[in-house]
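Shown next, in structure tokens, is the structure this report addresses.
Per chain, numbering begins at 1; letters A, B, ... match sequence-line order. Atom set for the values below is all heavy atoms of this structure, side chains included, hydrogens, waters and symmetry mates excluded. Predicted, not measured: the structure shown is a model, and the values here were computed from it.
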2 protein chains.
Amino acid sequence: MVTIRDVGKHAGVSVATVSRYLNDKGYVSEETKNVLKKSIQELGYKPNQMARSLSTKKTNIIGLLVPDITNPFFPELAKAVEETAFSNGYTVVLCNSSEQQEKEKHYIQSLQQNYAAGLIVTTNYTEAEYYRHIKLPIVALDRRLDPTIPTVTTNNVEGAKMAINYLLDQGCKHILCIRGPQGIGVAEDRMKGFLEVVNNAQDIQVETITSPFEFTEAEQKAFNILNAFPTIDGVFAASDASAIGAMKAAQSLGRKIPDDIQIVGFDGISLGALVTPELTTVAQDIYHLGKVATELLLKKIKEEPIDNHLIELPTELVIRRSTK
Amino acid sequence: MVTIRDVGKHAGVSVATVSRYLNDKGYVSEETKNVLKKSIQELGYKPNQMARSLSTKKTNIIGLLVPDITNPFFPELAKAVEETAFSNGYTVVLCNSSEQQEKEKHYIQSLQQNYAAGLIVTTNYTEAEYYRHIKLPIVALDRRLDPTIPTVTTNNVEGAKMAINYLLDQGCKHILCIRGPQGIGVAEDRMKGFLEVVNNAQDIQVETITSPFEFTEAEQKAFNILNAFPTIDGVFAASDASAIGAMKAAQSLGRKIPDDIQIVGFDGISLGALVTPELTTVAQDIYHLGKVATELLLKKIKEEPIDNHLIELPTELVIRRSTK
DNA sequence: GTTACATGTGTAATCGTTTACACATAATAT
DNA sequence: ATATTATGTGTAAACGATTACACATGTAAC
């Protein structure tokens, strides 16, 4: 392996100078720079990251903490994070908490231990308090952890309003709301938007159930309630996953979509375009979400000033076949 | 930060002894072991991985090279790899090649550079030759890279035979085969199985198209060919993604599934259960695939003997609603 | 002409491990 | 009784970077 010492020898300077050149720190004459450039090229020198990290206590590793990579929202996010990180010279460690708080903490522990550069968090199950005391640069993605932690999310309140307004415009009178879990920021926001519209509307009947952002449970619960209320003619789900669950439930009850019942989801996962009928949804630009979050984290890592601690990206109502 | 030196001082021994204790190498008396255990506990000592790696030229990082994490096959795999790695004290770096060979090579380069412990490869676009010269322990997953590289895959030939036999049993007479890309091992194998059965069957008409393991292109191509051949009554797709593409194409042409046309996919991604009608498929146990591959890699890393360089896991025909 | 500061470079300590080697002592073999 | 081997431990040199500090020299200020 070629070391910085070899480069120094080859170029006829000391290691300090080489290091200064490499890190663009301190003074190095133009002449020396040229010589070094050549030497490094000729020797094919690549700095040893381990040695670097040992000395600086910093790596180029970013942790991406997700609850379940299998949930279709996260691969899209992961892709954005990976690509953004990669093009900035960072590497992404996949931390799949498998919804276990202990595993999540273990990862955080280990990332700090190993001098990770920063952390992007998309999980919910750990108290915000815990995060406040982490020394690592952190960005919360699609989750609100703590006011002190920069957050990138979509405008969930507005998105929900758009969705429900649309359902009302389409003539829905009896609406099922599949809300997300209690206490989770985005779920609360979507619920808030939903309620704001519904509470000001006339002659609307509403049913509400709670489900995690996932298929099976939503399908089950939706089945029961759709069965109990044959007049339900619209569904607003706080996630596409739940919406698709509801869709299957409706179909297995013989309800025609969108004729008997119209469904709007929330998220904009690409799966929405693959189900039949294709899902109308409040789409977030998931890739953009991940990209912005990563860029924000990079800023924090480089200790650049952050002007905006809460970035809310706009949503878009994508109308497909699950509504009229 | 507590260092090995602190532990040594606290326990009244030298760093060498502590190191020997930590790594279970060389002689350490029972008595000393107990003292050290206590000291480490009391001081809350955690070894510094950077320093370790610098010295040993080894990390506990495993690279997972995927072409596109957004393709639903890979998150399921990634989860298995992550969980298996995690429970063995390893960390997974997500290397999303985005189908670019250059990025793939860059990752391999960087993983070697950074003393990664090993590498799991699920990509295709780089010549096997290239991989043969990598010093890192490698396992190929669902891909055949090189005879010298241990490979975990499913029994694709048998799986394809099962699928196509089933279609014939169901009475299909005019079959569309959506094969995977040329030159890719698993695609060839599935094709081989398909042909073996079809060539021995009577009175069967066959159309074949090629599509990557992905939705859109398959949908497009399937649309054209289904449109051209109204008598096609069965589809065998070499991936669930293509199958779902074909499903959408058939539906938009007004063909009823499974009455007018029956569809069988291949892979067993969980998405298959979410589309309507639910997809009949040759299921691989993707999680198991990932787990076995990771365990195999771990064996290679620890330089344990590997008895089987080609592990072929069985497939299972999961019959759902897209066939009669 | 002295002082101050900017520019350019080198020496050596440091980061926190691992490990070769040396050196004990005790147990066993011959 | 001596040689050999097993057991237990410590010293100090790696691993390959960064960086504080020292030391030049050149230039500008007064």
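A close approach under 4.0 Å does occur between a side-chain nitrogen or oxygen of Lys57(A) and OP1 or OP2 of dG16(C). Distances shorter than 4.0 Å separate some side-chain N or O of Ser19(A) from OP1 or OP2 on dT18(D). Phosphate proximity of dT19(D) to Lys25(A): present, with a side-chain N or O under 4.0 Å from OP1 or OP2. Contact annotation: Arg52(A) reaches the phosphate of dT18(D) (side-chain N/O to OP1 or OP2, under 4.0 Å). In this model, the phosphate group of dT18(D) is approached by a side-chain N or O of Asn23(A) to a distance below 4.0 Å at OP1 or OP2.
Among the heavy atoms of the strands lying under 4.0 Å from Tyr45(B) are primed sugar atoms or P, OP1, OP2 only; no base atom is included. Using a 4.0 Å heavy-atom criterion, one finds that Met50(B) contacts no nucleic acid atom at all. Residue Tyr115(A) is classed as having no contact, given no heavy-atom separation below 4.0 Å to the nucleic acid.
Taking atom CZ on Arg5(A) and atom C1' on dT18(D), their separation rounds to 11 Å, with Å as the unit. Rounding to whole angstrom units, CG of residue Leu54(B) and P of dA17(D) are separated by 9 Å. A straight line from CG of Leu22(B) to P of dG16(C) spans 15 Å, rounded to a whole angstrom. One atom, CG of Asn60(A), and another, P of dA17(D), lie 14 Å apart when rounded to the nearest Å. Between the C1' atom of dT18(C) and the CG atom of Asp24(B) lies a distance of 15 Å, rounded to the nearest Å. If you measure from atom CD of Gln49(B) to atom C1' of dC15(C), you get 15 Å, rounded to the nearest angstrom. Between the P atom of dG10(C) and the CG atom of Leu36(A) lies a distance of 10 Å, rounded to the nearest Å. We find that NZ of Lys58(A) is positioned 23 Å from P of dG16(D), with the value rounded to whole Å.
Inspection of the Gln49(B) and Thr59(B) side chains reveals no N or O donor paired with an N or O acceptor under 3.5 Å.
Direction of the helix axis in the helix from dG1(C)-dC30(D) to dT30(C)-dA1(D) shifts by 40° between the two five-pair termini, rounded to 10°.
In terms of position along DNA chain D, the nucleotide closest to Ala16(B) lies nearer the 5' end than the nucleotide closest to the other residue of the pair Ala51(B) and Ala16(B).
Taking 4.0 Å as the cut-off between side-chain N and carboxylate O, Lys103(A) and Glu82(B) count as a salt-bridged pair. In summary, Lys33(A) and Glu30(A) engage in a salt bridge, as defined by a charged side-chain N under 4.0 Å from a carboxylate O. Look at Lys105(A) and Glu102(A) and you find no salt bridge, because none of the NZ, NE, NH1 or NH2 atoms lies under 4.0 Å from a carboxylate O. Look at Lys300(A) and Glu295(A) and you find no salt bridge, because none of the NZ, NE, NH1 or NH2 atoms lies under 4.0 Å from a carboxylate O.
In this structure, Ile62(B) and Val93(B) have side chains that are not in contact, with every pair of non-hydrogen atoms separated by 4.5 Å or more.
With Thr122(A) as the fixed residue, the side-chain contact (heavy atoms from CB on, under 4.5 Å) test singles out one of Leu77(A), Leu65(A), Asp142(A): Leu77(A). The only member of Leu145(B), Ile138(B), Thr148(B) that meets side-chain contact (heavy atoms from CB on, under 4.5 Å) when paired with Arg132(B) is Thr148(B).
Under the 30°/60° scheme for interplanar angles, the aromatic rings of Phe86(A) and Tyr107(B) are found to be tilted.
Each ring-ring contact (aromatic ring centres under 6.0 Å, His included) pair with one or both residues in residues 9-41 of chain B, not counting sequence neighbours, would appear here, but there are none.
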Nucleotide N/O of nucleotides 3-9 of chain C paired with protein N/O under 3.5 Å:
| unit_1 | atom_1 | unit_2 | atom_2 | d |
| --- | --- | --- | --- | --- |
| dT7(C) | OP2 | Tyr27(A) | OH | 2.5 |
| dT9(C) | OP1 | Ser29(A) | OG | 3.3 |
| dT9(C) | OP1 | Thr32(A) | OG1 | 2.6 |
| dT9(C) | OP2 | Ser29(A) | N | 2.9 |
| dT9(C) | OP2 | Ser29(A) | OG | 3.4 |
| dT9(C) | OP2 | Thr32(A) | OG1 | 3.1 |

